[in-house]
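Following: one structure in structure tokens, then a few remarks.
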2 protein chains.
Amino acid sequence: MRTTVHDVADAAGVSVSTVSRALTGGSVSPATRATVMAAAERLGYRPNRTARGLITGRTGNYGLIVPDLRNPFFADIAKGVSARARAVDCGVFITDTDEDVAAELEALATLGRNTDGVLLCSPRATDAELLEAADPDTTVLVHRQAPGMLSIAADIAAGTRQAMDHLRALGHRQIAFLAGPDDSWAGRERLAALADYEILRFGSVAPTFEGGVLAGDLVLASPATAVLAYNDLVAMGLLHRLAARGVSVPDQMSVVGYDDISLAAMSHPPLTTVAVPKGRAGAAALELLLRRAGKTLATVRDREVTLPTGLVVRSSSGVAPT
Amino acid sequence: MRTTVHDVADAAGVSVSTVSRALTGGSVSPATRATVMAAAERLGYRPNRTARGLITGRTGNYGLIVPDLRNPFFADIAKGVSARARAVDCGVFITDTDEDVAAELEALATLGRNTDGVLLCSPRATDAELLEAADPDTTVLVHRQAPGMLSIAADIAAGTRQAMDHLRALGHRQIAFLAGPDDSWAGRERLAALADYEILRFGSVAPTFEGGVLAGDLVLASPATAVLAYNDLVAMGLLHRLAARGVSVPDQMSVVGYDDISLAAMSHPPLTTVAVPKGRAGAAALELLLRRAGKTLATVRDREVTLPTGLVVRSSSGVAPT
DNA sequence: ATGAAAGCGCTAACAG
DNA sequence: CTGTTAGCGCTTTCAT
């Protein structure tokens, strides 16, 4: 059995409560503290975090729920969270829900109960389901907003506008938008920003490489000279299909993605895309939970944090063909 | 306060121990069990893992340590682990060490202390460091082997041979091998298999997209007509550079990757590569820990599990130019 | 400043 | 098959 407070107490000739106080910074005489510390050190004492958690009510652990770890977008967020967690020495449970709402809600319930807070990335659940399943004080939404809930989101509308302004500045007048899933929060944000522009809207394609491949033919059958894809994965599928159809990018068709996942720079040609802070959002979300641990709610203004987005111009966009 | 066993016991009209038994599979009458289950369900009861862990001595949690979550290879493994964990209802702490040995060892110590076991993926630490920092009974190495330690690894040598045989069957006689880091276990395994073939070995390039880009020029300056890359990321960088240099793949140069990460199918042209079970390895590793929980050590033969690899032929490899 | 004692939520004896 | 009784290791009143 591992050494416990009792062993240390015996070794130091004091009571367990004194040991506890000495180790957690309670009021103890300097001499006693030194004795206790020495005994603990000598015995190689390691506090049992489980036992401590039981009484303090805090575990020092947090939960992160993502729809799909294989999606580079979420991998980036997870990495940001993990890095921050490592710095502050807290644990992070990660659950991949495989895009399943039921699994998401289940994870929310389980993690909510066993951690000090949970970060929920781009949940597939509805606002109502979220409101019911999540504790608004210890849950923060990442890249999603819902009434009354803490959130860290990117300024999607601004990024969308930047992309559109970029394409229009290059002379494009027939710009296609490949919409993602209808029920996606991010999708609605994009659409809201697009209301100010004239676009050729293409019905929802799956937000995947395959979705982009499929969209390629649709776009080619339209008068579009440029495409704003729902995300980088779609853009890459599109690029793939355009290459297969012998269409030169950006000479005959400009393509702009969204998210700036690491693959974007590796595509052929390198993808012009809207950079979204991912790792930073993850770190900020954890920070939010850490800061408000124990304290009262932040003001409403602080509850919805918006991070900036910015267009990264690479080689997949160019002047409109004449 | 959240609902506890007491609440459920009151609601079901039984004692807390009966509730406990009903929920953990003890001997309870079917009728009672049904009543308890119903009450638990109705109250939205979630067992507190902390409290349970305190008494059972087990936390029901496991740790997963990866060098880089953004690397699709590790994201795949993590997803496999998470999926299995979800099925058996246990928690998984994931730590991204950012390729840093010190962070890896630190995570190993921390996680080792408050979990039932840890999965260590492709550790960057030496055998000696591993042996010292890890508990051989509760740590399993994934895609790495070390004397005396539990491990799940792919049959790298077999995959390497398949790739070489494929290229030779296509008529290639000048085959370049882009070696990865010298100190990598996987790298040494590849090299061992390559001992039976004549190859043009290129010094270690970084196992990244950039490494592949760099290697492109080296390969073109050699008589090679085919390249076996250290991994898919390198292969994709190579493809990128070859395209930029106007070299047609596979007409003028064949390229074979390793790992079969999801990007491999999206590259241009789609990459021929050695498929390595990733999610499956992760799930199997967790399974290993789960099975031996509490029990005695498995036999030595069971301690080193090897999973099969297999070549996936796509479009980046073709007959040698004449 | 220190010790005794009371639990945190749960499971595992031990009776019945 | 079920309820009662102890704790698991730790922190935290409450006395002293």
Side-chain angles (χ1 to χ4, degrees), chain A residues 1-40 43-61 91 109-116 293-294, chain B residues 1-40 43-61 89-91 110 112-116 293-294:
Chain A
M1 187 50 70
R2 225 159 47 184
T3 63
T4 74
V5 269
H6 286 96
D7 302 323
V8 178
D10 288 352
V14 297
S15 73
V16 291
S17 24
T18 300
V19 172
S20 174
R21 276 189 288 258
L23 265 28
T24 58
S27 49
V28 190
S29 81
T32 316
R33 161 163 284 134
T35 314
V36 172
M37 295 298 233
L43 270 49
Y45 170 73
R46 293 267 148 217
N48 180 328
R49 295 180 62 175
T50 304
R52 175 177 294 177
L54 188 53
I55 178 146
T56 60
R58 294 220 238 101
T59 61
N61 295 147
T110 305
L111 290 176
R113 186 121 169 79
N114 297 292
T115 65
D116 295 349
Chain B
M1 188 51 70
R2 286 162 176 156
T3 65
T4 74
V5 267
H6 287 97
D7 302 323
V8 179
D10 288 351
V14 296
S15 74
V16 291
S17 32
T18 300
V19 172
S20 174
R21 275 188 290 259
L23 265 28
T24 57
S27 46
V28 191
S29 80
T32 315
R33 161 164 284 129
T35 315
V36 173
M37 295 298 232
L43 270 48
Y45 171 74
R46 302 269 152 195
N48 180 328
R49 284 182 184 162
T50 302
R52 176 179 290 176
L54 189 53
I55 177 145
T56 60
R58 293 213 248 106
T59 62
N61 295 146
D89 192 36
C90 70
T110 306
R113 246 196 318 277
N114 24 234
T115 63
D116 294 349

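Each chain gets a letter, A, B and so on, in the order its sequence line appears, and its residues count up from 1.
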Can you tell me the distance, in whole Å, between the [atom1] atom of [X] and the [atom2] atom of [N]?
X: A:Arg113; N: C:dG9; atom1: CZ; atom2: P; result: 8 Å
X: A:Leu54; N: D:dC8; atom1: CG; atom2: C1'; result: 9 Å
X: B:Asp7; N: C:dC10; atom1: CG; atom2: C1'; result: 13 Å
X: A:Asn48; N: D:dC8; atom1: CG; atom2: C1'; result: 9 Å
X: B:Arg58; N: D:dC8; atom1: CZ; atom2: C1'; result: 14 Å
X: A:Asp10; N: D:dG9; atom1: CG; atom2: C1'; result: 14 Å
X: A:His6; N: D:dT11; atom1: NE2; atom2: P; result: 12 Å
X: A:Leu23; N: D:dG9; atom1: CG; atom2: P; result: 16 Å

For B:Leu43, the side-chain contact (heavy atoms from CB on, under 4.5 Å) test, sequence neighbours excluded, returns B:Thr3, B:Asp7, B:Val8, B:Ala11
Does A:Ala9 have any side-chain contact (heavy atoms from CB on, under 4.5 Å) partners at least two apart in sequence or in another chain, and if so, which?
A:Val16, A:Val19
Taking only the side-chain heavy atoms of [X] (C-beta and beyond), determine which of [options] contains the nearest atom.
X: A:Ala51; options: C:dC10, D:dT11, D:dC10; answer: D:dC10
X: B:Val28; options: C:dG9, D:dG9, D:dT2; answer: D:dT2
X: A:Ser29; options: C:dT2, D:dT11, D:dT2; answer: C:dT2

Residues two or more places apart in sequence or in another chain: which of them pass side-chain hydrogen bond (donor to acceptor under 3.5 Å, both in side chains) with [X]?
X: A:Thr115; result: none
X: B:Asp116; result: B:Thr59
X: A:Ser20; result: none

Return the angle between end axes of the helix from C:dA1-D:dT16 to C:dG16-D:dC1, with five pairs used per end and rounding to 10°.
40°
Are B:Thr4 and C:dG9 close enough that a side-chain N or O sits under 4.0 Å from OP1 or OP2?
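So the side chain of B:Thr4 is outside the cut-off, no N or O lying under 4.0 Å from OP1 or OP2 of C:dG9.
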Within the structure, does a side-chain N or O atom of B:Arg52 lie under 4.0 Å from either OP1 or OP2 of C:dG9?
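No, B:Arg52 has no side-chain N/O under 4.0 Å of OP1/OP2 on C:dG9.
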Please answer whether the main-chain N or O of B:Arg46 pairs with a side-chain N or O of A:Arg113 as donor and acceptor at a distance below 3.5 Å.
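Side chain of A:Arg113 to backbone of B:Arg46: a pair is present.
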Of all residues at least two apart in sequence or in a different chain, which pass the salt bridge (charged side-chain N to carboxylate O under 4.0 Å, His left out) check with B:Asp89?
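Once residues adjacent in sequence are excluded, the partners of B:Asp89 under the salt bridge (charged side-chain N to carboxylate O under 4.0 Å, His left out) criterion are B:Arg49.
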Check: residues 30-38 of chain A side-chain donor-acceptor pairs under 3.5 Å, at least two apart:
from, atom 1, to, atom 2, distance (Å)
A:Thr32, OG1, A:Ser29, OG, 2.5
A:Arg33, NE, A:Ala22, O, 3.3
A:Arg33, NH2, A:Ala22, O, 3.4
A:Arg33, NH2, A:Gly26, O, 3.2
A:Thr35, OG1, A:Ala31, O, 2.9

Reckon B:Thr50 touches a base, only the sugar-phosphate, or nothing at all at heavy-atom distances under 4.0 Å?
nothing
Kindly indicate whether the side chain of B:Thr18, heavy atoms from C-beta on, has any atom under 4.5 Å from the side chain of B:Val28.
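They are in contact (side-chain heavy atoms under 4.5 Å apart), so the answer is yes.
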Interface polar pairs with nucleotides 3-7 of chain C, N/O, under 3.5 angstrom:
from, atom 1, to, atom 2, distance (Å)
C:dG3, OP2, A:Ser15, N, 3.1
C:dG3, OP2, A:Ser15, OG, 3.1
C:dG3, OP2, A:Thr18, OG1, 2.5
C:dG3, N7, A:Arg21, NH2, 2.8
C:dG3, O6, A:Arg21, NH1, 3.3
C:dA4, N7, A:Ser17, OG, 3.4
C:dA4, N6, A:Ser17, OG, 3.1

